[in-house]
Amino acid sequence: MNLAALPLLDQAVLVLAAMALFSAFALLAQSRLLSAIHVFAWQGALVAAVAALTGAASGDVNLYISAAITFVLKVLLIPWMLHRLVRRLALERQADPLPYPALTLLAGAAIVVFADWVAAPVAQFEHSATRNVIAISLAIVLLGMLTMVVRRQALAQVLGFMAIENGLFLAAVASTHGMPLVVELGVAFDVLVAMVLFGVFFLQIKDSIDTLDIDRLSQLASSVEQDEDTEPPR
Amino acid sequence: MMLAALALPLAGVAVLAALASAAVSLAASRWPRVLSWLSFPLLGVCALAALASGIDALWFGGAHQAVLPLGLPWLPWEVSVDPLTGVFLLILGAVLLAVAVYGPGYAREFRNGRDSLAALGVFTALFVLGMLGVLLAADAFLFMVAWELMSLASYFLVAFQHEQAEHRHAAFLYLLMAHVAGLAILLAFGVLAAASGSFSFAAMRAVHPDAFWAAVAFTLALLGFGTKAGLAPLHVWLPEAHPAAPSHISALMSAVMLKVALYGFLRVVFDLLGPPQWGFGVTLVLVGGATAVMGVLFALQQTDLKRLLAYSSIENLGIIFLALGLAQIFQAAGHPALAALALVAALYQALNHALLKGLLFLGAGAVLHGAHERSLDHLGGLLRRMPRTGWFFLIGCLGMAAVPPFNGFVSEWLTFQAALQAWQLHDSLLRILVPLAAAALALTAALGAAVFVRAFGTAFLGRARSRQARHAHEVGRGMLAGQALLVLGIAIAALLPGPVLGLLARAATQLTGAAVTGDGWLWLTPISPRVASYAPLPILAVLLVVGALGVALLRPRRRAAIRRAVPWDCGFAPPTPRMQYSAAGFAQPQRRVFAPLYALHEQVTPGRYELAVGDRAWRQLYLPLGALTDRVADRARRMQAGHVRRYLAWSLITLLVLLWIVS
Amino acid sequence: MDRVLTLTAALLQPLLLLAAAPLLVAWIRRVKARLQNRRGAPLLTPYRELRKLLGKEAVVARTASPLFRIAPYVVFAATLLAAAALPVLSTLLPGARVADAIALIGLLGLARIMLTLAGLDAGTAFGGMGASREMLVTTFAEPALLLVVFTLAMTTHTTNLASMAASTLAGDSVLRPSYMFALAALLLVGVAECGRIPVDNPSTHLELTMIHEGMLLEYSGRHLALMEWAAQLKLALFAVLTVDLFLPWGLATRLSPLALLGALAALVLKLAALGALLALGETVLAKMRLFRVPGFLAMAFLLALLGLLAHVILESAL
């Protein structure tokens with residue numbers, strides 16, 4: 001595929017997709033929660049922009065609606081809710097540094113290579129000019145999962161989960177010009193509900209055991225006595 | 001045409017000279033002077049003959065074969081010299097010549113010790129003989145005999161100073177690993193011989209095993225030769241064994257024996273095994289890349305100068321195997337010209353590493369000789385005490401650090417150029433993998449520079465950290481001449497890459513069928529002038545001219561050129577040698593960054609800091625393996641109850657089973 | 001006649017860069033001063049500093065070896081030679097045939113190794129500190145720089161800098177995600193390699209922060225002048241490298257006076273913009289702790305790696 005032969009809009013789609021990939025890495029490496037939320041918002045904006053540009057390239061109105069929903073949900077609403085949650089849980093200043101940042105990032109790069117290898121046969125059947133984006137979106141999905149694996153902070157895991165959704169959305173937009181609108185709306189609603197549930201759960205968890213470090217959650221079963229020693233919240 | 005046929009006779013002269021050296025060395029226990037006046041000069045003759053034979057084989061090309069009236073009646077030994085052999089004969093000759101000049105001075109040290117000089121002379125000569133035999137062998141039988149001779153002779157050399165327990169331990173580990181390697185190689189030849197029905201290389205070349213057995217043979221060859229070449233994670237013997245041997249033997253082991261293992265791998269996989277497969281290439285790239293990065297990271301943390309050099313050898317062999325992997329990938333993808341380029345890069349790297357590591361080990365030997373110390377934490381300021389050795393060592397370090405216009409850069413540049421042709425590949429995985437391999441190489445190169453800045457900076461610069469270093473003395477003329485010879489070789493490889501590449505290209509052409517050109521004596525343009533070119537002579541010329549102009553223009557006319565004073569050091573108290581950065585301190589940042597890759601044991605007590613940097617391969621691979629062996633041995637011991645009749649019963653059962661199988 | 005002209009141009013370009021390097025530093029200092037509401041020093045100050053240093057007597061530590069006195073000349077010559085491989089005004093450059101982009105990085109490596117060895121030579125604590133830290137920086141910065149070059153070489157199929165610039169000039173303007181990443185990586189690497197904030201601070205001798213200055217502490221007189229000049233040249237070199245690789249528009253493809261004048265004007269504009277950008281960055285950012293520097297450099301390496309991956313995944317033929 002000769003890049004210069006593509007129309008400018010498609011070139012822009014590729015650039016935005018690449019930036020979305022970078023944001024997935026930034027999400028992986030960002031140790032501060034608030035910054036990570038900002039990165040997530042940027043990723044949402046990039047994905048929305050990809051949808052809008054693909055819409056402009058194909059003239060599909062549905063894609064504009066998808067882009068608008070994504071923008072409202074993932075750039076404005078969810079980051080805002082997360083922000084509020086962080087403030088209510090008093091986590092603004094808490095850092096959650098990766099144990100081995102260099103190794104994690106290398107693993108991330110390996111995942112990108114793997115995604116490209118896996119996606120290569122799929123991409124060959126596609127006729128869209130932006131077929132290469134499939135590999136990128138798969139990589140974003142896998143990087144989101146990696147984020148969930150390496151992060152200890154529960155809120156960061158939510159971000160990883162949402163990033164996975166971003167990746168799936170990107171794949172849908174790039175390969176088939178978006179899911180049917182009904183599905184799209186359903187997914188959006190699901191994500192929103194999930195977000196609300198996460199928020200409620202976290203508040204409860206924080207209230208009862210005073211931490212959101214999920215490594216500590218594994219000790220719940222065996223540490224009942226310990227809990228009695230710690231002072232009650234507030 | 002007469003000259004073309006000389007390659008094989010010259011190689012024969014080399015073999016005879018090595019044999020003669022072994023024979024006369026027997027007398028060294030009674031007359032120590034024999035070692036200096038006969039054994040080493042005979043090795044020098046052997047080296048010159050090998051060098052001439054190698055150049056002859058490369059210059060004229062073509063293969064020369066002969067069948068020896070030796071060996072088993074139905075299995076005569078065959079020998080041959082072709083361009084591939086030539087490259088390695090060249091390497092062996094060049095390093096051995098330097099060692100032969102250097103050796104008498106170094107061995108004088110042992111004259112008053114308890115160690116047997118005869119053993120040193122005999123086993124050195126047999127070691128050389130074994131390596132020559134491996135290179136010349138044209139059938140699997142002779143190859144294995146020579147290989148085992150090489151391994152055993154070098155075992156005795158590693159165990160030479162056997163009163164030190166760590167040397168005995170190193171030698172035992174080496175023997176063990178060498179045996180496992182020998183077994184794997186034997187099996188690899190078994191696979192090839194089964195396919196062709198003959199032990200002769202010519203027959204193996206004609207008939208290839210099918211894909212499955214080819215993969216088996218490849219794996220066995222990689223295990224066998226890789227163990228000898230120090231590929232991770234089979235490298236653990238190397239940093240123990242190479243430092244334990246006397247320094248000129250370390251030079252031979254690091255500079256030549258590792259290359260002999262490389263030769264064996266090239267011979268089996270690139271020459272005998274048959275059609276290349278991209279899977280082999282990917283394996284080689286991954287193993288080579290991992291070895292290179294691992295080797296350089298551990299080299300960075302060593303405080304023993306010779307161990308540091310040994311780890312750096314592991315790194316270099318990793319780079320070479322990485323380049324071989326590129327060659328295999330390109331060949332499998334149907335780009336023989338690019339495969340030849342990658343192969344030339346690998347061979348050039350092998351030549352460079354032999355010259356440089358030979359020089360550095362001889363330099364380390366000189367430091368050991370002059371300062372009686374090889375720990376970087378006790379050296380320092382040697383450049384002023386041992387100026388000639390120091391400047392030679394600096395040349396070796398700059399070559400290893402792969403900066404222009406030194407020779408290490410040429411082979412690195414060639415490897416990069418080969419890797420950058422990855423866009424011609426069709427498979428997208430390979431197209432990603434090859435540049436990533438180049439990235440690993442780039443990381444290795446940067447860390448390699450740090451390794452040698454640290455080594456040279458702490459040993460030769462700064463101020464003496466111990467009494468021995470303060471009283472170090474320059475070594476004798478012979479030892480300096482040995483180093484100077486290698487510097488000469490380095491200069492040729494660094495400044496005339498075109499002709500050297502032209503010679504090495506014969507071997508690459510032999511293995512890939514495609515030609516590589518150096519494009520004249522001045523420029524190195526392996527692909528085309530538009531793509532890339534490199535010319536070290538103008539670079540050196542400009543460096544010299546600008547430097548000379550600077551000195552001439554800036555030198556003050558009226559007053560003294562410089563004034564000497566106490567170091568400034570920000571105006572604090574006059575600095576003492578203990579305030580310098582230590583070798584361990586210098587590498588501390590990298591130790592932090594790459595902490596998960598090291599097995600670190602740090603202990604801080606008031607006024608004291610202890611650090612041990614261990615190899616993870618030990619704990620995670622070898623110790624479990626050792627425990628498993630112990631358990632199996634434990635089981636097996638139950639059979640040995642000590643009753644003679646039970647042993648007879650076992651024998652009877654075995655006999656019955658065998659008869660059943662045979663029928 | 002043509003060859004003579006080309007050769008003259010090849011000789012003059014690095015010298016032009018050498019002459020202009022202190023000016024670039026002065027310009028950055030000036031912009032920085034303005035951003036901090038100061039007036040700043042005149043643009044000729046760095047030249048005066050160099051002249052002053054060249055006139056002073058050279059004091060050498062008693063503990064230093066001959067290498068200490070050779071190092072400044074090698075560092076200076078190697079950096080100048082690296083500059084000769086760069087197309088400054090015109091893409092017709094024989095110097096680029098002697099040393100391609102990889103050799104340029106190698107020459108900078110030679111300069112750096114001599115610099116670090118010189119830092120270790122006097123046997124002082126600060127020299128070793130600077131050398132050790134410089135090696136940490138280069139551990140990541142050099143591979144990242146090589147990866148940037150690789151990314152561009154995979155696109156343009158050459159490592160010759162002049163051909164690279166020429167091929168970018170000849171092609172259509174294309175949005176390349178890989179170039180975006182590579183540019184970001186190159187900017188980070190340039191900041192680290194030239195010892196600017198947030199990696200190193202060129203205007204401090206605080207023991208906890210210094211890298212480059214730590215290695216120069218023992219130097220004085222003409223030796224220090226050469227080292228300083230080489231450092232300034234290196235900054236200019238990175239600026240021109242960035243411009244050559246990513247914004248080559250304006251480079252002369254012929255050796256006509258008009259084209260060269262146009263190239264000069266374009267170069268001045270581009271370098272002024274880049275310098276102002278650096279000054280802005282140095283004003284906004286604070287120097288980071290040394291132990292965060294590996295993170296910064298790992299980011300550069302990651303960006304360069306992503307550039308390469310983006311090239312293979314998004315841009316090359318399937």
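All chains are named by letter (A, B, ...) in the order of the sequence lines, taking the proteins before the strands, and each is independently numbered beginning at 1.
- With a 4.5 angstrom heavy-atom cutoff, B/Val593 touches chain C only via side-chain atoms.
- With a 4.5 Å cut-off on non-hydrogen atoms, C/Ile105 does not touch chain B at all.
- Contact residues of residues 157-164 of chain C toward chain B are C/His157, C/Thr158, C/Thr159, C/Asn160, C/Ser163 (heavy-atom distance under 4.5 Å).
- Only the side chain of B/Phe409 has a heavy atom closer than 4.5 Å to any heavy atom of chain C.
- C/Arg112 does not touch chain B: none of its heavy atoms, backbone or side chain, sits under 4.5 Å away.
- B/Val545 does not touch chain C: none of its heavy atoms, backbone or side chain, sits under 4.5 Å away.
- For chain C, the nearby parts of B/Leu443 are the backbone and the side chain; heavy atoms of each come within less than 4.5 Å.
- Both the backbone and the side chain of B/Leu543 come within less than 4.5 Å of a heavy atom of chain C.
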Could you go through residues 117-129 of chain C and list every donor-acceptor pair under 3.5 Å that involves a side-chain atom there, pairing it with any protein atom two or more places apart or in another chain?
{"unit_1": "C/Asp121", "atom_1": "OD1", "unit_2": "C/Ser65", "atom_2": "OG", "d": "3.1"}
{"unit_1": "C/Asp121", "atom_1": "OD2", "unit_2": "C/Ser65", "atom_2": "N", "d": "3.0"}
{"unit_1": "C/Asp121", "atom_1": "OD2", "unit_2": "C/Ser65", "atom_2": "OG", "d": "2.8"}
{"unit_1": "C/Asp121", "atom_1": "OD2", "unit_2": "C/Phe68", "atom_2": "N", "d": "3.3"}
{"unit_1": "C/Thr124", "atom_1": "OG1", "unit_2": "C/Gly127", "atom_2": "N", "d": "3.4"}

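- Only the side chain of C/Leu309 comes within contact range of chain B, with at least one heavy atom under 4.5 Å from a heavy atom of that chain.
- With a 4.5 Å cut-off on non-hydrogen atoms, B/Leu394 touches chain C through its side chain but not through its backbone.
- Ring centroids of B/Phe452 and B/Phe456 are separated by 6.0 Å or more, keeping the two rings apart.
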>> Using the rule given for side chain to side chain contact (heavy atoms under 4.5 Å, CB included), can you reason through C/Thr253 versus C/Leu92, listing the C-alpha separation, both sets of side-chain angles and the distance that settles it, and then say yes or no?
In response: CA-CA 7 Å; C/Thr253 46; C/Leu92 297 171; over 6 Å; no
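- Here B/Arg592 pairs with B/Glu602 under the salt bridge (Lys or Arg N to Asp or Glu O under 4.0 Å) rule; sequence neighbours left out.
- Interface remark: B/Pro589 contributes backbone and side-chain atoms alike to the contact with chain C (heavy atom separation under 4.5 Å).
- Residues of residues 141-150 of chain C that come closer than 4.5 Å to chain B, counting heavy atoms only, are C/Glu142, C/Pro143, C/Leu146, C/Leu147, C/Phe150, ordered by residue number.
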